[in-house]
Amino acid sequence: MTALADAPLDVLPDTRPLVAGERLDPSGGAVHPHVYAATGRVTAEVALGGPREIDAAVAAGRAALPRWRALAAPERRAILTRAAQLVLADAERLSAIQTLETSLPIQFARGVPAVAADHLAYHAGWSDKVGGEVVTTWPGPALDYTVEEPYGVVAVIVPWNSPLVSMAQVAGAALAAGNCVVLKPPELAPFTSLRVGELFGEAGLPAGVLNVVPGGAGAGEALVRHPGVDKIHFTGSGATARRVLAGAQEHLTPVALELGGKSAHVIFADSDPKAAARHALSGLLIGSGQGCVNGTRVLVERPVYEQVLEHAVARLRRLPVGDPMRADTVLGPVITEVACERILGVIGRARQEGSGLLVTGGERLGGDLAPGYFVAPTIFGDVDPASELAQDEIFGPVLAFAPFDTLQRALDLANGTRYGLAAYVHTADVRRAHRVAAGLEAGNVWVNGFYGVAPSMPFGGNKQSGHGRVGGRAGLREFTRPKNVWLAL
Ligand code: NAD
């Protein structure tokens with residue numbers, strides 16, 4: 001018997017692929033038993049899409065393209081706006097689904113549909129603002145102008161940890177720009193994407209404009225190698241990104257990549273140590289340590305190093321860990337047994353090699369939580385900057401603290417990984433904040449706080465955190481390409 005609340009299975013949507021507005025019965029026979037990570041119990045047997053379903057989805061997208069492109073921009077905007085409103089109206093069910101599929105604690109899952117709706121509404125607003133420009137030209141008299149055209153059919157591959165928001169950020173922009181989309185959610189978290197696919201249908205999106213095919217690597221491979229796909233947008237790990245690039249080279253299909261990170265908090269001695277410690281803990285708490293944006297390295301100026309570490313540990317010990325369905329839980333399980341063992345492996349090697357001092361956590365949680373995949377929130381101090389703890393994305397509730405003495409050393413440490421997604425600076429000195437922000441090799445820098453990724457921000461990574469951006473004008477441009485027209489007058 002477990003004291004954990006049973007997951008409310010009646011919120012789950014039909015899990016069959018949604019293609020051209022119809023449900024398909026997958027033909028390949030592959031089934032993924034989706035597991036609720038908090039209890040280790042199977043929630044649904046998800047029939048996985050394969051090459052045939054991907055073929056059908058791409059064909060549906062190609063067939064729908066002329067109608068979607070020809071639709072007057074205000075009509076496209078109205079449909080996408082209605083979809084955003086329906087996502088908001090469905091928030092209670094979507095957040096329950098989100099907790100069930102990813103074990104995100106319900107207090108955070110409750111906010112996710114509103115965030116997704118905000119991204120969708122923002123992109124809906126771009127529908128009638130895509131435009132182009134008049135270009136200086138010669139010889140005259142002549143007119144030269146550009147038109148921003150959609151690519152055509154866009155493959156959108158999303159990760160398990162933020163399927164709803166990734167879908168809204170990426171598919172929202174692609175659709176607003178006039179593309180059709182084949183969305184491939186992962187087998188680990190297929191449900192919210194399928195539910196949102198239904199809601200787009202209710203909003204009046206023409207059949208075939210958005211197709212949803214849940215699947216694993218097989219569906220992903222089929223999609224990125226498909227000759228009918230005009231652009232690939234991939235969000236996930238670097239290892240899978242390499243396979244996506246290998247597949248895309250077959251037809252030289254353009255690819256945008258949103259990948260992982262090993263982001264740093266850089267805390268200077270003049271910042272409020274309590275506030276800085278609270279923000280630094282978000283690196284371990286967001287998504288129970290499973291967020292691309294998490295600041296998982298905490299670099300602290302030496303005079304306040306011990307103080308910040310103590311505040312962080314004291315606060316961490318008060319935070320409720322456990323049942324994601326409980327209203328006060330802030331840290332849930334990691335997504336699978338494999339992930340749990342992998343994270344414990346990193347912790348075990350760090351202890352064995354002495355690459356950091358274990359300050360708190362470090363073990364799997366037992367008792368009532370034993371059937372689930374719970375790793376105790378873990379902090380290491382004095383972490384060797386060259387170690388696995390400091391260099392690799394662990395994707396679990398593990399923070400690596402290290403002290404620094406000079407601004408240059410802080411920058412060297414913060415920039416000293418192969419990643420470059422985000423960075424966080426904590427200081428009361430505004431000039432230093434700008435200098436450090438300028439020196440950080442990251443796509444996104446937050447100073448003295450993190451309150452989420454607004455849809456208007458261009459979000460994305462440098463180095464091996466990817467290229468391309470989601471959000472803002474830059475995010476829309478991922479899904480349009482300029483056609484230049486020169487006209488003799
Ligand atoms: P993953 O790379 O394992 O899977 C991502 C997606 O790729 C899934 O849909 C998966 O089914 C699919 N896939 C698997 N094999 C494939 C193949 N051969 N060809 C095509 N597609 C294939 O990543 P994950 O574990 O789902 O997600 C976690 C990773 O995503 C972390 O590294 C995290 O940092 C990153 N992430 C990045 C962002 C961002 O915006 N930068 C956002 C969320 C997550």
Side-chain angles (χ1 to χ4, degrees), residues 30 32 34 37 46 48-51 54 101-102 104 112 119 155-170 173 182-190 192-193 212-226 229 232-250 253 255-263 283 286-296 334-336 338-339 342-343 392-396 417-422 442-444 452-453 457-471 475 478:
H32 175 79
H34 176 273
V46 181
L48 298 179
I54 291 294
E101 73 178 347
T102 63
L104 181 70
V112 171
H119 283 280
V156 176
I157 300 178
V158 293
W160 72 263
N161 71 311
S162 64
L164 188 51
V165 172
S166 286
M167 181 278 169
Q169 285 173 317
V170 180
V182 177
L183 172 67
K184 195 210 75 62
E187 69 272 52
L188 291 177
T192 46
S193 300
V212 188
V213 183
E221 291 275 352
L223 187 55
V224 300
R225 290 175 187 278
H226 203 290
V229 167
I232 299 162
H233 194 288
F234 173 79
T235 309
S237 65
T240 310
R242 287 179 173 81
R243 298 186 62 181
V244 168
L245 289 173
Q249 72 180 4
E250 200 167 314
T253 313
V255 183
L257 299 174
E258 289 286 338
L259 309 178
K262 188 75 188 176
S263 303
I286 296 173
S288 307
Q290 305 161 106
C292 59
V293 78
N294 293 27
T296 50
V334 298
I335 188 70
T336 57
V338 171
R342 182 182 50 73
I343 296 160
D392 291 349
E393 184 183 50
I394 299 171
F395 227 54
T417 75
R418 61 186 180 281
Y419 296 106
L421 188 58
N444 310 265
V453 178
M457 290 177 180
F459 177 80
N462 297 351
K463 304 198 293 191
Q464 290 191 25
S465 291
H467 50 77
R469 293 292 182 265
V470 292
E478 292 295 341

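As the structure is a computational prediction, the values presented were derived from the model and not from experiment. For ligands, and for the atoms within them, numbers begin at 1 and follow the listed sequence.
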For the atom pair OG (S237) and CD (Q464), what is the distance rounded to the nearest 0.5 Å? 11.5 Å

Checking H34 now: which residues fulfil ring-ring contact (aromatic ring centres under 6.0 Å, His included) with it, not counting sequence neighbours? F191

Distance-only donor-acceptor hits, side chain of residues 158-167, under 3.5 Å, sequence neighbours excluded:
{"unit_1": "N161", "atom_1": "ND2", "unit_2": "Q290", "atom_2": "O", "d": "3.1"}
{"unit_1": "S162", "atom_1": "OG", "unit_2": "S166", "atom_2": "OG", "d": "3.0"}
{"unit_1": "S166", "atom_1": "OG", "unit_2": "S162", "atom_2": "O", "d": "3.1"}

Distances under 3.5 Å, N/O of ligand 1 against N/O of the protein: list each pair and its distance.
{"unit_1": "ligand 1", "atom_1": "2 (O)", "unit_2": "S237", "atom_2": "N", "d": "2.9"}
{"unit_1": "ligand 1", "atom_1": "2 (O)", "unit_2": "S237", "atom_2": "OG", "d": "2.6"}
{"unit_1": "ligand 1", "atom_1": "2 (O)", "unit_2": "T240", "atom_2": "OG1", "d": "2.7"}
{"unit_1": "ligand 1", "atom_1": "9 (O)", "unit_2": "V158", "atom_2": "O", "d": "2.7"}
{"unit_1": "ligand 1", "atom_1": "9 (O)", "unit_2": "K184", "atom_2": "NZ", "d": "3.0"}
{"unit_1": "ligand 1", "atom_1": "11 (O)", "unit_2": "K184", "atom_2": "NZ", "d": "2.9"}
{"unit_1": "ligand 1", "atom_1": "18 (N)", "unit_2": "E221", "atom_2": "OE2", "d": "2.8"}
{"unit_1": "ligand 1", "atom_1": "25 (O)", "unit_2": "W160", "atom_2": "NE1", "d": "3.4"}
{"unit_1": "ligand 1", "atom_1": "26 (O)", "unit_2": "W160", "atom_2": "N", "d": "3.1"}
{"unit_1": "ligand 1", "atom_1": "30 (O)", "unit_2": "G236", "atom_2": "O", "d": "3.3"}
{"unit_1": "ligand 1", "atom_1": "32 (O)", "unit_2": "E393", "atom_2": "OE1", "d": "2.7"}
{"unit_1": "ligand 1", "atom_1": "34 (O)", "unit_2": "E393", "atom_2": "OE2", "d": "2.6"}
{"unit_1": "ligand 1", "atom_1": "40 (O)", "unit_2": "E258", "atom_2": "OE1", "d": "3.4"}
{"unit_1": "ligand 1", "atom_1": "41 (N)", "unit_2": "E258", "atom_2": "OE1", "d": "3.3"}
{"unit_1": "ligand 1", "atom_1": "41 (N)", "unit_2": "L259", "atom_2": "N", "d": "3.4"}
{"unit_1": "ligand 1", "atom_1": "41 (N)", "unit_2": "L259", "atom_2": "O", "d": "2.8"}

Do I157 and V224 touch side chain to side chain, with heavy atoms closer than 4.5 Å? yes

Residues two or more places apart in sequence or in another chain: which of them pass ring-ring contact (aromatic ring centres under 6.0 Å, His included) with H119? none

So, E478 side chain and R469 main chain: donor-acceptor pair closer than 3.5 Å or not? yes

